[in-house]
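Working notes, structure below.
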Amino acid sequence: MKISGKVALITGGAGGLGKAFAAALLRAKAKAVCLVDISSRGKEVAEDLRLQYPPSQVDFYHCDVMNYDLFKGAFDFVQKRFGAIDIVCNNAGMAASDHNVSGSIRTLRLNLEAVYFGTKLGMDYMDKESGRGGVIINVASMAAFLPLMGSMCYNASKAGVVALTKSAGVPEQYEMTGVRVNALCPSFTETPLLDTSSGLREMIAQLPNHPIMSPEYVAEGFQQLVENEELCGAVMRVTPQKGIEIVPNRRKDRNSSSKL
Ligand SMILES: NC(=O)C1=CN([C@@H]2O[C@H](COP(=O)(O)OP(=O)(O)OC[C@H]3O[C@@H](n4cnc5c(N)ncnc54)[C@H](O)[C@@H]3O)[C@@H](O)[C@H]2O)C=CC1
Ligand SMILES: CCCCCC(=O)/C=C/[C@H]1C=CC(=O)[C@@H]1CCCCCCC(=O)O
């Protein structure tokens, strides 16, 4: 998809990765980006981006995406203000340690349930009948594949996002909706999230060959998932070791001419 002139909604847009994704779209001349976030910091982030990237429009919508009706309100707001939505990024997320039961349950709800809400709403608002097709990027994590000790629900939520995205992005579904759905799986990235678990930075520092990536680098992968029309149901890893790469899709391989 050509980003120029398009309208985007990004959840968790006040945070480290959300702001970098918004900036990438704005550099590519998106018409409008709406940051949807529970934190009122989103207002200043939107203001900052608006000043950096005129004449694109940048707005903030205060919302808890764990509440379906409130989240739907964000879609209505964006559509009314800017016109048909083209790009949805389900990025809002959190982490909690296994000792924290209520935090772990909240992690499952925000990182997985709200991504289901955003995927369903994205399809409802952008499909060929109500909109003009589009693309949904769901932010998972390398934790979907490499379980981090001490955060069972974080890891499970991210594995769930990968499975949900693959299901939403099967070719038969795309034929009906015209909406591509892809997952982005970054490794450790320099954002405020890294400071929410005590001792996490020390743990990362002890991992061999594990520099923390910049949000701008992860945003390069995000932009490829938006732009490349061939990617649907795709899962992208972004790691400091191997860079930006698409995980081989076994379902596609099975349907291809290869007999392996
Ligand atoms: N930073 C990292 O190392 C990695 C992060 N990720 C994922 O990237 C995504 C973005 O995280 P970061 O930018 O790193 O963290 P961040 O903490 O900077 O941003 C997360 C944003 O989500 C918002 N948020 C939290 N609860 C919300 C709710 N109920 N409704 C709406 N917004 C809500 C927060 O206010 C915050 O602005 C998350 O899904 C995270 O799991 C994935 C891999 C690595
Ligand atoms: C190789 C795996 C890369 C995973 C990248 C990622 O998603 C990182 C997320 C971390 C950000 C804040 C966290 O809390 C997340 C990891 C959780 C680590 C385990 C914390 C356990 C504890 O607090 O006791």
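Sequence positions, counted from 1, serve as the residue numbers for this chain. Whatever order the structure lists ligands and atoms in, that order sets their numbers, starting from 1.
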Mode of T191 contact toward ligand 1 - side chain, backbone, both, neither (heavy atoms, under 4.0 Å): side chain
Proximity to ligand 1 by part of A95, non-hydrogen separation under 4.0 Å: neither
Ligand 2 atoms in contact with S141 (distance to a heavy atom under 4.0 Å): 4 (C), 5 (C), 6 (C), 7 (O)
Close approach of M149 to ligand 2, heavy atoms, under 4.0 angstrom: yes
Where ligand 1 meets D64 - atom numbers and elements under 4.0 angstrom, heavy-atom basis: 28 (C), 29 (N), 30 (N)
C63, portion touching ligand 1 at heavy-atom distance under 4.0 Å: backbone
Nearest option to atom 22 (C) of ligand 2, as decided by whichever heavy atom of S187, S97, P186, G93 sits closest: S97
Numbering as shown, the atoms of ligand 1 that approach A14 to under 4.0 Å (heavy-atom distance): 37 (O)
Point-to-point distance, once rounded to the nearest 0.5 Å, from CD of Q224 to CE of M236: 4.5 Å
Short side-chain donor-acceptor distance under 3.5 Å, D127 and S130: yes
Nitrogen or oxygen atoms of S151 and ligand 2 under 3.5 Å apart: no
Residue G15 vicinity, atoms of ligand 1 by number, heavy atom under 4.0 Å: 18 (O), 19 (O), 37 (O)
Element-labelled atoms of ligand 1 that are located less than 4.0 Å from some non-hydrogen atom of F188: 3 (O)
